[in-house]
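Have a look at the structure below, then the notes.
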Amino acid sequence: MNFLTKINKLSKHHYNNSLEYKKIINDIYCKNFFANSLERVPFLPVNIFKEIDLKSIDNNDVFKILNSSGTTSTKQSRIFLDRENAKMQSKVLVRLVSNIIGNKRLPMIIIDERKTIQNSFNFNAKIAAYLGFSIFGSPITFLNKENEVDYENLNKFLIKFAEKPFLIFGFTFNAYLNFIKKIDIKKLKIKNFENGILIHGGGWKKLENKKISNKKFRELLKKKFNFKLIYNYYGLIEQTGSIFFESQKCGFFTTTEYSEILIRDKNLKVVPNGQKGFIQLLSLLPTSYPGHSILTEDYGEISNLKNCNCGSKKKHFKVYGRIPEAELRGCSDV
Amino acid sequence: MYEKKLKGVKFLVGNRNIASVSTDPYNRIICKFLVQISLELKKKKYNQYPDLLSLSFWCRKKNIERLKKNFAPNDIRKGRGLIFHVAPSNVPTNFIYSLIFGLLTGNSNIVKVPSKKFNQITIICEILNKLLKKKIFYNLKKLVSIVRFDKENYDAMAYLSNLCDVRIIWGGDNSINEIRKFPLNERSLELTFADRYSICLINSFELKKINQLELKTLVKNFYNDTYLFDQNACSSPHLLLWTGKFIKTSRKRFWLELNELLKKKYLLPDKAAFEKINKLFLDILNLKNIKFYEKYDSKICTIFLSKLDSKTDRLRGKWGYFYEYELKKLEYLKKIINKKYQTLTYFGIKKNILNSFVLSNVKGIDRVVPIGQASDINLKWDGFDINYFLTRVIDVK
């Protein structure tokens, strides 16, 4: 079964199990959930998950509800998972991450503090990411304590593990804040991170504000710590498990056997490869909620290179960041 | 004493010696002052700001003279004293119109402008400061203060609210409720411009008759009521009502022509395009009275309703998102119009019919104007006769 067939099956499944999804298909997509090309697979705008509870399962089957972390707005996406969907997300995540770090669990540093995970009733995207990734780490330690770098703990870790491959996981801005800004290399007992694998994600918005590009970020890290492997990841909380890693060889993100990507313009038409537009992500993972085809508010572009030197035959794409807020004229208060 | 209460208040024009002054409305010096403002704004360097050009046009000599002529009270009227104006946060020139209303009616004024540093505000304050330095306008100095301070500066808000003789609040229900927490003194009045709902009435039979050029003009006028303000002015229509025959062909003609204009004139920010898509999906899920919807590229989205009700005034759009309805009888509107309804713009309907309509038992609507004049601000606004509201009457027998 190819991807299109599988995604069509999912559309049908959600049509039959979610009243809201059914209404959308009936009224906006003219009752057509079957697509004869990827472009015609119905999609939902990502922010709809912030306004409406969308699920294709009974209330009693809800195993976990994921909330997106509220950034600028107070509304959060609510994602409803049953046991099966949650299990599948983990399974696929393991498979995808193993492709880059191998099958063994590695010693891991999380760029945050223990308090963050312990104190939260709210199972949000941040926690989900930490817990999700923590399955790849053993043992796990935290870089920060009381908002500062925990040098004692960090040095203990480095002395013990830095001679072999180890993982560092966190959000891009935290990685920048700690590794580039805060950490005083003089205070480290081991200054060479050549065995460290840094995995970071979560958006470039804050770094864009400081005028730091991905390229600059990598340069700064390599220069200061001698990192050999830095992986940027991209993914939606609305499609957890469906994660994309930046290739070390070519710098693009690539799709996987579980995912597909399209780029659309303002008028929602699919644009040719090489043209910038809005990212639409398709994923085979969402089974308990109709999140298998989502139009995001991220800018991106699919590469039009015929053969990439990284060897992967999958679609290559770049992510350029979130669309900016719009200034409204008129006379209402703000 | 002022120092403490006006801490954190920045004066763009004027100073801490705020006076309550009551003088003659439309006096010679004030009128001269406004005409000077109009002339200053005509300078080439301000041409890139259409709202400054509109302002210049509005306070030109001819219009000020006309307004003066129209204010012909039968009794003695003087300004009420000090007016504390709170301007809305995203229309740059609103503050100056408010100030002008206050000055024309013979009052001293303190105007709180939005925190956002709009170029237009800076320019206008520069002009005000320049003119107030002139000998001829020396006496006007005490009538004009323009200030900026944080929403959280409760001391300043409390002090000015208590000090003023009239408080004018622009900027919607939320602002009004927040600011009303600060009491006025016993004799003061308040003028508030709350959230309003505006509609547009089009006779499709008449629309069918007009030629291409006339249609282009109509559509441009509609644009000025709506897209010019991202459809977010209180007088921008959200609901389009079609009456008469040939609705199907007329509305198609209308939207297509508007879309042509928008292609050339209107830039829709990406985020706005998404907001409209989100809104469409949500409306489809939430509304029970949708007949069908249409999109013209990303710039026009419109939902044709199967019925209206008391909740219709909640159906609002931004950036070019409309609701439509086939209105078989004008009478039917009476059932749904409430106090929130402000402006009714129209095309192809006789003025006397509309006149009878508003005179009959309609629970709202403060303005009925042809399409294109929705945002023409004047001293009769939102149901208030501002000339009379901002002056006090002195009875001498």
Side-chain angles (χ1 to χ4, degrees), chain A residues 18-31 42-54 72-73 75 77 205 238 263-269 271 276-280 290 293-300 320-334, chain B residues 51 86-92 94 114-116 151 169-179 193 195-196 226-236 268-287 290 292-293 295-299 316 318-319 375:
Chain A
S18 160
L19 287 173
E20 288 81 13
Y21 184 75
K22 185 175 185 169
K23 187 148 213 291
I24 289 170
I25 298 297
N26 285 345
D27 295 354
I28 297 185
Y29 290 101
C30 309
K31 296 199 169 118
F43 56 84
L44 301 180
V46 66
N47 280 330
I48 203 180
F49 292 92
K50 292 189 162 85
E51 308 276 351
I52 309 249
D53 287 347
L54 292 160
T72 43
S73 62
K75 287 211 173 108
S77 288
K205 199 165 189 177
E238 292 85 1
I263 306 287
R264 292 184 186 270
D265 66 18
K266 224 185 247 180
N267 296 326
L268 307 181
K269 298 249 169 350
V271 304
K276 190 171 164 180
F278 308 114
I279 295 175
Q280 178 191 343
S293 175
I294 295 180
L295 181 67
T296 73
E297 293 190 7
D298 294 329
Y299 291 119
Y320 293 117
R322 190 61 53 86
I323 62 179
E325 287 301 317
E327 291 282 348
L328 186 66
R329 290 172 288 183
C331 52
S332 71
D333 58 343
V334 153
Chain B
D51 47 1
V86 182
S89 36
N90 32 355
V91 178
N94 198 313
S115 301
K116 182 149 187 235
K151 265 201 300 191
I169 310 174
W170 299 86
D173 292 1
N174 286 338
S175 283
I176 295 167
N177 287 322
E178 277 307 304
I179 295 169
F193 296 100
D195 292 337
R196 305 303 300 276
T226 53
Y227 287 85
L228 188 59
F229 304 97
D230 297 328
Q231 204 189 343
N232 197 42
C234 44
S235 54
S236 294
L268 181 71
D270 291 342
K271 180 73 182 173
F274 270 94
E275 277 188 26
K276 284 164 68 174
I277 295 167
N278 287 335
K279 191 171 172 62
L280 176 64
F281 275 72
L282 286 174
D283 275 351
I284 293 285
L285 285 174
N286 292 326
L287 298 179
I290 299 181
F292 62 87
Y293 78 90
K295 285 172 90 231
Y296 294 79
D297 298 326
S298 56
K299 294 186 179 174
R316 309 178 72 105
K318 285 186 243 181
W319 316 101
S375 61

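- Taking each heavy atom of F43(A) and Q280(A) in turn, the nearest pair found is CB-NE2, 3.5 Å.
- Within the model, atoms CD1 of I323(A) and CD of E297(A) stand 4.0 Å from one another, a figure rounded to the nearest 0.5 Å.
- Heavy atoms of Y296(B) lying under 4.5 Å from chain A are absent altogether.
- Contacts between K299(B) and chain A at a heavy-atom distance below 4.5 Å are absent for every atom of the residue.
- Annotation: cation-pi pair K276(A)/Y320(A) present, NZ/CZ under 6.0 Å from the ring centroid and within 45° of its normal.
- Only the side chain of Y293(B) comes within less than 4.5 Å of a heavy atom in chain A; its backbone stays farther off.
- The local environment of NZ in K31(A) is sparse, with at most 12 non-hydrogen atoms from other residues, nucleotides or ligands closer than 6.0 Å.
- Interface summary for chain A: among D270(B), N278(B), L268(B), the most heavy-atom pairs under 4.5 angstrom belong to D270(B).
- One distance of note links CH2 of W170(B) with SG of C234(B); it measures 7.5 Å at 0.5 Å rounding.
- Between chain B and the options I24(A), D27(A), I28(A), heavy-atom pairs under 4.5 Å are most frequent for I28(A).
- Residue L19(A): no heavy atom, backbone or side chain, is found under 4.5 Å from chain B.
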